[in-house]
Each structure stands twice: as C-alpha cells, then as structure tokens.
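See structure below.
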Amino acid sequence: MPSAWAADTVVAEKAAPKTAAVAVRKNLTPTAEQAKASRLVARQLSVLHYNKTPLNDELSADIWTRYLSDLDGQHVYFLASDIEQFKAQRLRLDDELKAGDLDPAFAMFNRYQKRAHERFQFVLTKLDKQRKDVLNFSGNERLLNDRKDAPWVATAAEMDTLWLNRLRSAALALKLDGKSDDDIIATLTRRYRSQLKALSQNRDEDAFSIFMNALTETYDPHTSYFSPRSSENFNINMSLQLEGIGAVLQTDDEYTKVVRLVPAGPADKSRQLKPNDKIVAVGEGEKELVDVIGWRIDEVVELIRGPKGTTVRLQIIPSDGGARKTISLVRNTVALEDQAASKKVIELTRNGDTKRIGVIKLPAFYADFQGQQNGDPNYRSTTRDVRKLIDELKKANVQGLILDLRNNGGGSLSEVNDLIGEFISTGPTVQVRDARGRIETLGDGNPDVGYKGPLVVMINRLSASAAEIFAGAIQDYGRGLVVGSTSFGKGSVQSIRDLGHGQLKITEAKFYRISGASTQNKGVEPDLFLPEVFDPKDIGESALPHAMPWDTIRPSRFQQLNEWKDKLSVLAQTSKTRQNKDPDIRFLNDQIKLLADLKAQNTSSLNEKVRLSEKQALDERRLSIENRRRVAKKQAPLKTWEEAEKQLEAQNPDNDPNFERPEEQALLREAAEILLDSEQITESAASLPSYLKRNADSPFVKR
C-alpha cells in the first residue's frame, strides 16, 4: 500500500479504559480470490448490465462517493483530513478494479475502523468516568438528526463535541422513556461495547462486500454482490426479508428501519409494524430486550429470526412520531394460501338505491409451480383464484369491481400476464427489453374474458413490479380507472451469475408498458389521486441512489377500449369534494402534514425541558387531529393523547389479518364511489359509448 495513511493499524490502545478493552483486528487485507472476483464483477457489469456504463474515471468518482457513504453516511467517523487523503483514489478506483488491486479500498475501510474505534472508546470513557457530562440536559444545544449533507468534521476536538452531544441525545431519549440514570448508563454502555465488539469481528469479506456493493450500486440499486456466506442464505440476503415476522429491513444511520412488510406475514397481519418504523431493541419471548442500535443488519436479522410459533418482541420508534413502544409477534412462515386473493362486498347508497361493489384484495402475484408441475388439478394461482372470486361476485349481483393492489410487491410475470387477460379479449400486456436492445412482447391470446364490467384498480406507493405491469396495462387499454397514489417504480429485471467467489445479482432487462412507457423510476401514476401516507422522497425507486431513469420505447399495437381523459376532471372534482367531507380522509391528510412537519424539523434539543415541551406540543397536535375526526363522526372527544393511543391500539384486538383502519376503509369506499361516478358519467352520455357497446352483454351494465 503506497500511501502513508494506508498503514494505520487498528488495535486497542494500552491506555484504553477497562470499559473499552475490546481488541480490534489488525488491518484487513484482501485475498487473491477477492481480487479475482473483483475483476470478474467489473467486467460483467461493463458488458452485461442493462445500462452498459463503461468503468471509467466518471464512474470511479461515483464509486468513491458511494463507498464513503456506505462507510460513513452520516459524517460522524471520518475527519476532513481523512477525506482529503482519500481524494487521491477518487479517479483511480476504475483502474484498480480492472487490475484487481483492492489495497486502496481496504485502506479506506481500515481507516474507518480506526476512527470508529476511537469514537466508541471516547463514549465508553465518558460513560465510565464522566457520567455527569452525559446526563447534563440543561444546555441549549440542538443535534442535527440527519448529517448526510453536513460538512466533514475538521478536528478531533470537534468530533468529541459531536459525539458527546450524540451520547446526550441517546441518554435523554432513554430518560424520557422512564429509565433511571443508572439504567441509562448501563444501557448505553452495553450498546457501545456491543458496537465495539462487532467492529473487532469484521473480516476481510466484510470490507470486500461493502466495496463491491459500492461498485454495483453505482449501476443501479438492484444490482448487488453476494458474498459466499450470503449466497448460502440467498432468500434473506436477496431482500433482507426476515424469516419469522415477514419484514424487509435496511440500515438507516444507527437504526434498523422497516422498508416494507411481506403481505400476509406475521408483521403485516398484526397491524402493529409499519414501513419507516425503526427497530431499536429485540427480545426473545419474555426475555430482556437487547438494544440493537448500531448493530449490523445481518445481526439484527439473526436475532429476530426463530422457530415457527415462537414469540419475538420488538421495541420500535413509530414512524408517526409517537413514543417508543414494544410489540409482540409470533414467528411464522408465509404460506401460499396466506397471500391468496380474497373478496368482499361493500354497499353504497346512491339516490336511495343500494349499490353493491365487489372488492378483490390481491397481496401478491403467486402460483404454486410445484403443484402445477405435479399435475394437481386444484393447484393455486392468482388467475385461477381471481377467476373463481369473480364468478362468486357475479352471483352476488355486484354492480362493479375493485381490484385492490395496494402493498402488492409483485411476483410471477406469467400470472400478471394471464390476469390481464381476464379483463381484455386479446392483445399485448407488457414489453421486456434486454441489454442488447431486443424487445419481447408478452400478451393474451385467449379471447375469453372473465369480467367485462366496470373496473377500478387501486394502487399505492408499495405497489411494485408485477402490480405496476397490471395497473399500467389496464390504464393503457382504458379498461378501467386506476386510483390511489403513484406506484413504487420497480421496472427492472435481475438475474444471478456465479462468480466462483460469491454471486452477482445484475440488472439485465427493463419492463415497458404497451404504451411504450417504462414503469421504472416514475412508476404508474393513477388516473385519480387519493392521499398517501408514504413520502415518495423516502420510499420508492426514485428515492434510491443511482436508480435507472424512466424512458420510453416504441408502443405495441393495441386497441384502446375507452378514453377517460375527457372525464377525469369531472371525476377528480367530484371525488375531491367528497374527500373534503370525509372525516377519515381528512384525518389521513392531517397525518401526512404532521409527518412532513416532523421530517422538516431536522434537529433535536438536548435540553430536557425543551424536549418535554416539544413532546407535549406534538401529543397535543396528534390529539387534536384525532378529536377532529371523532367530533366529525359524532363521537366523544378524548382528553389525552395516551387515551387516544390506547383506543387506536385496541382497534384490532384479535389481530385480524383482514382488519382495515378507518382511513383505509375510507379510501376503499372512495374508490367505490369513483367507480359509480364513472358509470354515471358514461350512462348520461348522449349516445351509448363504444365502451358500453363492447360490453353490452355484461351483467353489470345498467340498461
């Protein structure tokens, strides 16, 4: 390693306090196998990736920036002088990767370990020798919550001040949770000793994986390197899906954050965990909770996983700004039947008449491929199940159908292709373009139509991949209305390639709608918008670094069944008027505004009185929002936010997986109202539109 800073040795100093006496490994060094794998990854990305991005100086600069972000995204370890030294590698990483020279990247990792070790020693010394400094909550300092755009700290003294304030903030949070001073010191000591121990257990493969993923993620966020260990447990490392509770996680500073819930998994069914919640402690059964702030995500995964039928407790910081709380979940596997489509009928009154609207909830696009291969005549699949439910709804004399794809993360491409065919006669359904520019068009060649009546498709920010293909096709054909919020934007296709040393998951194709528009990045925009609690700046493809752009290709040839554009303004205004009067939708809009305000306030006071005052103001605002809804629904207002929290938590005492919160029911009800509006507009036309002519034999067309 040619540069002077590359020779840092990261070991525990002799003068380290006894509370920090955990040795850190000496400098990590790359292996010959890793060098060979890095050359292969670099070559395959340049040749096989959809973007065909050359590995040059421009990409080297992006890799360098991404690597720094992966090592120290919050700018709390490296000093400005470290960054200045690292700049020598900014435009060299491309050449070093091609040559299999990993020493400079490992040197940067070793410097990170040295700085992190210094920080953990510092806070442990404060906790052991200067606890009064830690428990001093009388100052006027405020701590920046998100430091990703903050300047790098210039001196060690300034870094000491930053970390003392970080320590005070953590201590104050525990105090406001009711912890005694002794408990606070003990909890934080365990937390940072755990982080120091984890640091000492880093291996060369850890450094290599972080650097390789800094490389892959500059191509797009779904291209990844899997270490040999990760490859052995592919399902977990593919999406960080936790076996046992059904949640997809990612690291957010020192926290483990929930990205999404697996449909029909234990967490989803419990209705206790939501995207953007942060997991801060984990406990097995009734055992003591283990603080996991600062833990590696794979270690958190291991702690949460467990045998089916056992209980795990999670302490979480809710995404809605509420106080920490502990929830209990019973581990389970997600069976195919748990994700199966389900139906219900909702009734609305129009001009004194009762209208019945069928709803089919589809959590995923699934298929029992094993049962199909074995010749099981009753094997389960999305299309077969939905077709059966449609027949049952026809017998129930519904006047229209809502297909609810909210939170549907996708699944089988063949199933989404077949399901689109249940709503159109024949025609293309989706286009797939590979890295060579070749386009394959999938379509429905069966003229049979399972359902010809009025249709609304509901989507939200967590509707992704196959769900976006379905919604996009229905919208392009004009077969029905798409309502909700803009979908996730996952329009890429990955494949796995063996490297000899680990595996490479690489994006090799993109999905395109039959109109020629990509579903990538932009997602599917609904015809009519409904409120969405998920902020697209935090969740969705466009929120991911280096997401591939939206683009278009030549459209397929298809016959549009209906043109909604001229009718949307009237439908939107009618819907908006209704939403403004609906207490539950107003409540949802108030919640969205509250979350936005909380996010905009990017600092936390380190003064106990100020923090308590801010908490009280937040609780009062949340209580006001809830009471506004209650008064509008002619319910008695509540006196305290604690009382409101208990009532909200008691809404689903039996953990009914089909339970919907009042605001969720309101959105579904509004979708049904929109469906009836669309039919009313169609029926009032001067002449029978071509859409109704084509569906004149439908049992749902009112004559």
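This is a predicted model, so every value here is computed, not measured. Sequential numbering from 1 along the given sequence is applied to the chain's residues.
The shortest heavy-atom contact between Tyr77 and Leu71 is CD1-O, 4.4 Å. Nearest heavy atom pair, residue Ser209 against residue Tyr225, reads OG-CE2, 3.6 Å. Nearest approach of Ile539 to Leu462, heavy atoms of both residues: CG2-CD2, 3.7 Å. Nearest approach of Ala464 to Phe488, heavy atoms of both residues: CB-CB, 3.7 Å. Between Gln520 and Lys490, the shortest heavy-atom contact is OE1-C, 4.1 Å. Of all heavy-atom pairs spanning Lys274 and Ser319, the tightest one is CE-OG, 4.2 Å.
Between Arg190 and Asp291 no salt bridge is recorded (no basic side-chain N to carboxylate O distance below 4.0 Å). Using a cut-off of 4.0 Å between Lys/Arg side-chain N and Asp/Glu carboxylate O, Lys257 and Asp277 are scored as not salt-bridged.
Side-chain atoms of Phe106 and Asp204, non-hydrogen and from C-beta on, do get closer than 4.5 Å to each other. Contact of the Asp146 side chain with the Lys599 side chain is not registered, since no non-hydrogen atoms from C-beta on lie closer than 4.5 Å. Side-chain atoms of Val312 and Arg305, non-hydrogen and from C-beta on, never get closer than 4.5 Å to each other. You'll find the side chain of His501 reaches within 4.5 Å of the side chain of Glu205, heavy atoms only. Here the side chains of Trp64 and Met108 are in contact, with some heavy-atom distance below 4.5 Å. Considering only heavy atoms from C-beta on, Ser492 comes within 4.5 Å of Met548 through its side chain. Under the 4.5 Å side-chain criterion, counting only non-hydrogen atoms from C-beta, Asp268 is not in contact with Val262.
Shown are Asn136, Asp182, Asp181, Thr189; of these, the side-chain hydrogen bond (donor to acceptor under 3.5 Å, both in side chains) with Arg131 is made only by Asp182. Among the candidates Leu97, Thr223, Leu215, the single residue satisfying the side chain to side chain contact (heavy atoms under 4.5 Å, CB included) test with Val41 is Leu215. Partner of Asp538 under the side chain to side chain contact (heavy atoms under 4.5 Å, CB included) criterion, chosen from Asn276, Leu595, Val259: Asn276.
The backbone N or O of Asp128 lies less than 3.5 Å from no partner atom in the side chain of Lys126, so there is not a single donor-acceptor pair. The main-chain N or O of Gln121 is found under 3.5 Å from a side-chain atom of Thr125 such that the two form a donor-acceptor pair. In this structure, Arg313 contributes its side chain and Gly285 its backbone to a donor-acceptor pair below 3.5 Å. A donor-acceptor pair under 3.5 Å is absent between the side-chain atoms of Tyr366 and the main chain of Ser412, judged by distance alone. Side chain of Arg168 to main chain of Asp133: a donor-acceptor pair is present (N/O by atom type, distance under 3.5 Å, no hydrogens or angles). Checked by atom type and distance alone, the side chain of Ser38 pairs as donor or acceptor with a backbone atom of Ala35 at under 3.5 Å. The closest donor-acceptor contact from the side chain of Thr256 to the backbone of Asp252 lies at 3.5 Å or more, if one exists at all.
Side-chain N/O atoms of Asn202 and Arg296 include a donor and acceptor closer than 3.5 Å. Inspection of the Asn213 and Asp70 side chains reveals no N or O donor paired with an N or O acceptor under 3.5 Å. Looking at Asp220 and Thr507, their side chains do bring a donor and an acceptor atom within 3.5 Å of each other.
For the atom pair OH of Tyr219 and OG of Ser224, the computed distance is 14.0 Å after rounding to the nearest 0.5 Å. From Leu45, atom CG reaches atom CZ of Arg497 across 11.0 Å, with rounding to the nearest 0.5 Å. Here the CG atom belonging to Leu176 is positioned 8.0 Å from the CZ atom belonging to Phe137, to the nearest 0.5 angstrom. One distance of note links OG of Ser227 with CE of Met212; it measures 12.5 Å at 0.5 Å rounding. In this structure, Asp62 CG and Asp94 CG are separated by 11.0 Å, a value rounded to the nearest 0.5 Å.
A cation-pi arrangement is found for Arg119 relative to Phe122, the charged atom lying closer than 6.0 Å to the ring centre and inside a 45° cone about the ring normal.
Ring centroids of Tyr112 and Phe109 are separated by less than 6.0 Å, placing the two rings close together.
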request  = Take Phe86 and Phe78, measure what ring pair (Phe, Tyr, Trp, His ring centres under 6.0 Å) needs, and give me the verdict at the end.
outcome  = CA-CA 10 Å; Phe86 295 161; Phe78 288 133; 5.0 Å; yes
ask   = Going through the distances and angles, do Thr310 and Arg331 end up as a side-chain hydrogen bond (donor to acceptor under 3.5 Å, both in side chains)?
value = CA-CA 6 Å; Thr310 58; Arg331 300 179 178 105; 2.7 Å; yes
key: Worked verdict on Ser463 versus Asn460 for side-chain hydrogen bond (donor to acceptor under 3.5 Å, both in side chains)   = CA-CA 5 Å; Ser463 303; Asn460 68 356; 3.3 Å; yes
ask   = Between Arg611 and Glu614, does a salt bridge (charged side-chain N to carboxylate O under 4.0 Å, His left out) hold up when you go through it step by step?
value = CA-CA 5 Å; Arg611 185 83 74 91; Glu614 291 174 347; 5.1 Å; no
